[in-house]
Protein chains: 2
Amino acid sequence: MEGMNGVKLTSTLAFRLGTLGAVMTERFSARLAAHGLKPKHVGLLALLESGTATSQLDIAKLMNVAPSLVVSLADRLEELGAVRRERDPMDRRRQTLALTEEGRELLATCTAAAAELDTELTDGLSPEETEALRIVLGTLARRNGLPAD
Amino acid sequence: MEGMNGVKLTSTLAFRLGTLGAVMTERFSARLAAHGLKPKHVGLLALLESGTATSQLDIAKLMNVAPSLVVSLADRLEELGAVRRERDPMDRRRQTLALTEEGRELLATCTAAAAELDTELTDGLSPEETEALRIVLGTLARRNGLPAD
DNA sequence: TATTGTTATACTCTATAACTATA
DNA sequence: TATAGTTATAGAGTATAACAATA
């Protein structure tokens, strides 16, 4: 039985994206654990590299998380030497987060880990299918306010 | 800067699936709130409808969650009259969960909600692109042990 | 003694609210 | 008085461990 329209829950994009997304995030987490990082830490590093945001509050808005969470993410990244906190001289309430060279390297390492997961995931797909998937997901991400350059 | 291979984190499938999946799950949650359900409740209903699992322990394994979580999901669904718990006469330790007619209707309603989210999500895509996406995600889901009939 | 389901407890993640310092 | 960041607290979601009934 599958609703009176013949649609099954498991064939919806909502379900497939939700479950596959959860699996990939969990795998990514497992890879990052060795560096003492979680996916959101890496998301923050990527945001800094993109130059989109500077202050912690801007970052919180772009990441769709509470400002207090940015504090703890930044604390950890600072601890690892991946970011530096710098007071804005124009407005001393603002903290500017700057990516260090170490931070760039860390981001590159984590990005490589994500790319490996991609390879694993798309093992049986043709290169064309894989690229088409990447592109359509990028389109959907952008349309939904998610970073996808 | 983007790693020395020119790959950006935000262009990986891991990142795109993870973020889009989180967004879709959150939207689905919001729709389900009116029924007092969470996505896992609906996943359990769908599993019962598929006839794949019967006992709570089987369900826990297939859903990749702890058995204790199945207890509370089933408690809630029983409360709503969506499932019935029946002792297996062959092995009285086992509880068999049976989908009621109300449960089928509830699942159909929730599936329709997911389908609406799909429509919303793929608004700018061609029907061919949308169908290709659904198919490739189904392939990936099956290859990764996720339900996708 | 091993297994199914349940209950009790603890842990992870994240948000909300209270607070500090600058403006 | 309002805002950026921080700290303290609380809530959601889920797992682990202890327990009861049955095998």
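Proteins get letters first, then strands, A, B, ... in listed order; numbering begins at 1 in each.
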- Query: Is a donor-acceptor contact shorter than 3.5 angstrom present between the side chain of Arg94(B) and the base of dT4(C)?
  - Reply: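 Flag unset: no donor-acceptor pair detected.
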Whole Å only: how far is the [atom1] atom of [X] from the [atom2] atom of [N]?
{"X": "Arg92(B)", "N": "dA21(D)", "atom1": "CZ", "atom2": "C1'", "value": "9 Å"}
{"X": "Gln95(A)", "N": "dT3(D)", "atom1": "CD", "atom2": "P", "value": "19 Å"}
{"X": "Asp91(A)", "N": "dA21(C)", "atom1": "CG", "atom2": "C1'", "value": "11 Å"}
{"X": "Arg93(B)", "N": "dC19(D)", "atom1": "CZ", "atom2": "C1'", "value": "15 Å"}
{"X": "Glu26(A)", "N": "dG13(D)", "atom1": "CD", "atom2": "C1'", "value": "15 Å"}
{"X": "His41(B)", "N": "dA12(D)", "atom1": "NE2", "atom2": "C1'", "value": "13 Å"}
{"X": "Leu57(A)", "N": "dA21(C)", "atom1": "CG", "atom2": "P", "value": "19 Å"}
{"X": "Asn64(A)", "N": "dT14(C)", "atom1": "CG", "atom2": "C1'", "value": "13 Å"}

- Under 4.0 Å from any atom of DNA chain C, heavy atoms only: list the residues of residues 65-86 of chain A that qualify, in numerical order.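 Residues of residues 65-86 of chain A under 4.0 Å from DNA chain C: Val65(A), Ala66(A), Ser68(A), Leu69(A).
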- Message: So that I can tick it off, tell me whether Arg31(B) and Glu120(B) are bridged by a salt bridge, with the cut-off set at under 4.0 angstrom between side-chain N and carboxylate O.
- Response: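 A salt bridge is present here (some side-chain N lies under 4.0 Å from a carboxylate O).
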- Arg84(A) with Glu78(A): basic N within carboxylate O range, under 4.0 Å: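 No.
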- From Glu102(B) atom CD to Leu77(B) atom CG, the distance as rounded to the nearest 0.5 Å: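 Going from CD on Glu102(B) over to CG on Leu77(B), the span is 11.5 Å.
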- Message: Within this structure, what is the CD-OG1 distance for the pair Glu49(A) and Thr10(B), rounded to the nearest 0.5 Å?
- Response: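 With rounding to 0.5 Å, CD (Glu49(A)) is 8.5 Å from OG1 (Thr10(B)).
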- Can you find a heavy atom in the side chain of Thr19(A) that is under 4.5 Å from one in the side chain of Val23(A)?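 Not touching, per the 4.5 Å side-chain cut-off.
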- Message: Taking the axis from the first five pairs and the axis from the last five, what angle separates them in the helix from dT1(C)-dA23(D) to dA23(C)-dT1(D), rounded to 10 degrees?
- Response: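 That helix gives 20° between its end axes.
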- Which atom of Phe28(A) lies closest to which atom of Val42(A), heavy atoms considered: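 Nearest pair, atom of Phe28(A) first, then Val42(A): CZ-CG1, 4.2 Å.
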- Query: Are Gln56(A) and Arg94(A) close enough, and set up right, to give a side-chain hydrogen bond (donor to acceptor under 3.5 Å, both in side chains), and what steps lead you there?
  - Reply: CA-CA 8 Å; Gln56(A) 294 187 188; Arg94(A) 306 193 124 220; over 6 Å; no
- Item | Sugar-phosphate, base or nothing in reach of Asp88(A), heavy atoms under 4.0 Å |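 Asp88(A): no heavy atom of the nucleic acid under 4.0 Å.
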- salt bridge (Lys or Arg N to Asp or Glu O under 4.0 Å) contacts in which one or both residues fall within residues 132-147 of chain B, not counting sequence neighbours: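 Sorted pair list: Asp118(B)-Arg134(B), Glu131(B)-Arg134(B).
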- For Lys38(B) and dT14(D), is the shortest distance between a side-chain N/O and OP1 or OP2 below 4.0 Å?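 It does not, given that no N or O in the side chain of Lys38(B) lies less than 4.0 Å from OP1 or OP2 of dT14(D).
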- Task: Could you walk me through whether Leu137(A) and Leu133(B) pass side-chain contact (heavy atoms from CB on, under 4.5 Å), step by step?
- Result: CA-CA 9 Å; Leu137(A) 290 180; Leu133(B) 175 61; 4.2 Å; yes
